[in-house]
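Right, one structure below, let's go through it.
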Number of protein chains: 2
Amino acid sequence: MDTLDDLIGRLAPDTLLRALAPDQLEILLRKATRRDLRAGETIIAQGDETGDFAVVVLTGGLKISMVSAGGREIILNYCGPGELVGEIAMLDSGPRTATVTAAVPSSVLILPSRTFLDAATASPASVEGVMRELARRVRQLNLVIESDRTFSMAPRLARALVRLVDPDSADGRLRYHPSQSDLGAFAGLARENVSRLLSEWEAQGIVARKGRALLVRDHAYLQTLAEFGDEA
Amino acid sequence: MDTLDDLIGRLAPDTLLRALAPDQLEILLRKATRRDLRAGETIIAQGDETGDFAVVVLTGGLKISMVSAGGREIILNYCGPGELVGEIAMLDSGPRTATVTAAVPSSVLILPSRTFLDAATASPASVEGVMRELARRVRQLNLVIESDRTFSMAPRLARALVRLVDPDSADGRLRYHPSQSDLGAFAGLARENVSRLLSEWEAQGIVARKGRALLVRDHAYLQTLAEFGDEA
DNA sequence: GCGCTAGCGTGATGAACATCACAGACCGCG
DNA sequence: CGCGGTCTGTGATGTTCATCACGCTAGCGC
């Protein structure tokens, strides 16, 4: 079980779990049950009524997506080791609004909602931590809405790429290898335009290609594009 | 102080305050200080670093807006009596990301963050209530993002109107009387197109005009448009 | 009354982007 | 090796919407 201690050591920075006191976190994680997923396997399906658990990624990566009214797939996020997924339905016990599938072979922990709530309410520090973290999420989403409204294609794709770079990799490798269609569904634009933009950026040395894989060369450029749009 | 009891009686349904136990709520509200605002007066400014209080609307209405990277105004929400505003920065003690001004002459209560947190952490029921309410907010925002991405003008304007109708009014009056420019900033489209759409809808009997004021005649139509888009 | 301003209606133009169509390129698998 | 699938590049076309440009109206102060 030393993967568990590993996990606690490098929990993702922006996750709800970080808000819990360390001792409670450890108890919580030891109570959870482990599960392995094949690539493409679904663990949460949009529309499920019984959303009484959340999922912690141990290894691999999950894709969170939903199908829009028009029938198009929208990818909301990719989650890697140390991140918590499905906590919204767990907290408000509503139906699942998105589907979660394994992007690559993965192993996860299943956290029943009661277990999580017990840990979260155990001390005032944990309570305030969880509330703070939830508030941060709301803040983040507000920014996304604002940028979605006003940004054009390029900044949106830039934001998608920035969210996908592997922070541990020096040469700007991505954490996953999405197809251009996936990138489009993630950034909210058509597959053809992903292709056109990437070619352009490759010519300018902003991204590079190594076989299938995409490398982000000029992270700073993409970052400012993602943050301020192309009018800045 | 009977306005206070009034307020407690008809708190807005989707507000964080609802999550608190009634006795704590009353204590909390009695500790808050009251303030009156003239129309157009600003109570919270985007960029303020000391976001250590939230605001409860007693009478009137507040407009929550921000300025986008391109310099355009974006109206995020209108809040009426019984609603809580500014709770995000209060909870995560980050900077203010939006500006709050009085849309009409209003009176509000100022809730210091410490006061709110004490009430929220007082009992496990309150804690779970607040978490549930925050989670609901996140869920709501995810839906907004999804629809913003895929919806065209008409559904977006429909959603704006649905959010503005006065639930207490039988004839579909709005809670405020926004100009077409404001409606555009709220729904994310150009003023001219607001004009065109409203004319079209008026011809179809979906909305009506009484002087300046707008009346929503076919609420159900707008509702389904807002929810499923124009492909349904 | 007269001007003055904020808000409205509506056509013409253009930019941004989705969609369509098709031609390679790559890759596993028999 | 060849063959079918999925992924990719790139032009042509069309839609959707913002933008520009203007004239109109309705208050409102004087």
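Per chain, numbering begins at 1; letters A, B, ... match sequence-line order. In what follows, every heavy atom counts, from backbone to side chain, and hydrogens, waters and symmetry copies are set aside.
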Backbone N/O of [Y] and side chain of [X]: donor-acceptor pair under 3.5 Å:
X	Y	result
B/Ser179	B/Asp182	yes
A/Arg136	B/Asp92	no
B/Ser93	B/Met90	no

Please name the pair of heavy atoms, one in B/Ala32 and one in B/Ile110, separated by the smallest distance, quoted to 0.1 Å. CB-O, 3.2 Å

Within-4.5 Å side-chain heavy-atom neighbours: A/Leu111 and A/Thr33: no

Answer whether the closest heavy-atom distance between the side chains of A/His219 and A/Val162 falls below 4.5 Å.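 They are in contact (side-chain heavy atoms under 4.5 Å apart), so the answer is yes.
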
How long is the gap from CZ on B/Phe53 to CG on B/Leu109, to the nearest 0.5 Å? 12.5 Å

Provide a list of protein-nucleic acid N or O atom pairs under 3.5 angstrom, restricted to nucleotides 17-21 of chain C.
{"unit_1": "C/dC17", "atom_1": "OP1", "unit_2": "A/Met153", "atom_2": "N", "d": "3.0"}
{"unit_1": "C/dA18", "atom_1": "OP2", "unit_2": "A/Ala190", "atom_2": "N", "d": "3.4"}
{"unit_1": "C/dA18", "atom_1": "OP2", "unit_2": "A/Asn193", "atom_2": "ND2", "d": "2.4"}
{"unit_1": "C/dT19", "atom_1": "OP1", "unit_2": "A/Arg72", "atom_2": "NH1", "d": "3.1"}
{"unit_1": "C/dT19", "atom_1": "O4", "unit_2": "A/Arg196", "atom_2": "NH2", "d": "3.2"}
{"unit_1": "C/dC20", "atom_1": "N4", "unit_2": "A/Glu192", "atom_2": "OE2", "d": "3.2"}

Contact residues, residues 175-182 of chain B to DNA chain C [heavy atom, < 4.0 Å]: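 Heavy-atom contacts with DNA chain C come from B/Ser179, B/Gln180.
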
Tell me which residues in residues 198-212 of chain B put a heavy atom below 4.0 Å from DNA chain C, sorted by number, or none.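 Of all residues in residues 198-212 of chain B, the ones placing a heavy atom under 4.0 Å from DNA chain C are B/Ser199, B/Arg209, B/Arg212.
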
Go through it in stages, so that I can follow the logic: the residues are A/Asp230 and A/Ser152, the test is side-chain hydrogen bond (donor to acceptor under 3.5 Å, both in side chains), and I'd like the CA-CA distance, side-chain angles, deciding distance and then a yes or no. CA-CA 8 Å; A/Asp230 30 22; A/Ser152 54; 2.7 Å; yes

Within a radius of less than 6.0 Å around CZ of B/Arg173, do more than 12 heavy atoms belonging to other residues, nucleotides or ligands occur?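 No, because the 6.0 Å sphere around CZ of B/Arg173 holds 12 heavy atoms or fewer from other groups.
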
Would you say the side-chain atoms of B/Arg196 and B/Asn193 include a donor-acceptor pair closer than 3.5 Å?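 Looking only at side-chain atoms, B/Asn193 and B/Arg196 do form a donor-acceptor pair, the distance falling under 3.5 Å.
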
Rounded to the nearest angstrom, tell me the gap between atom CG in A/Asp230 and atom P in C/dA15. 15 Å

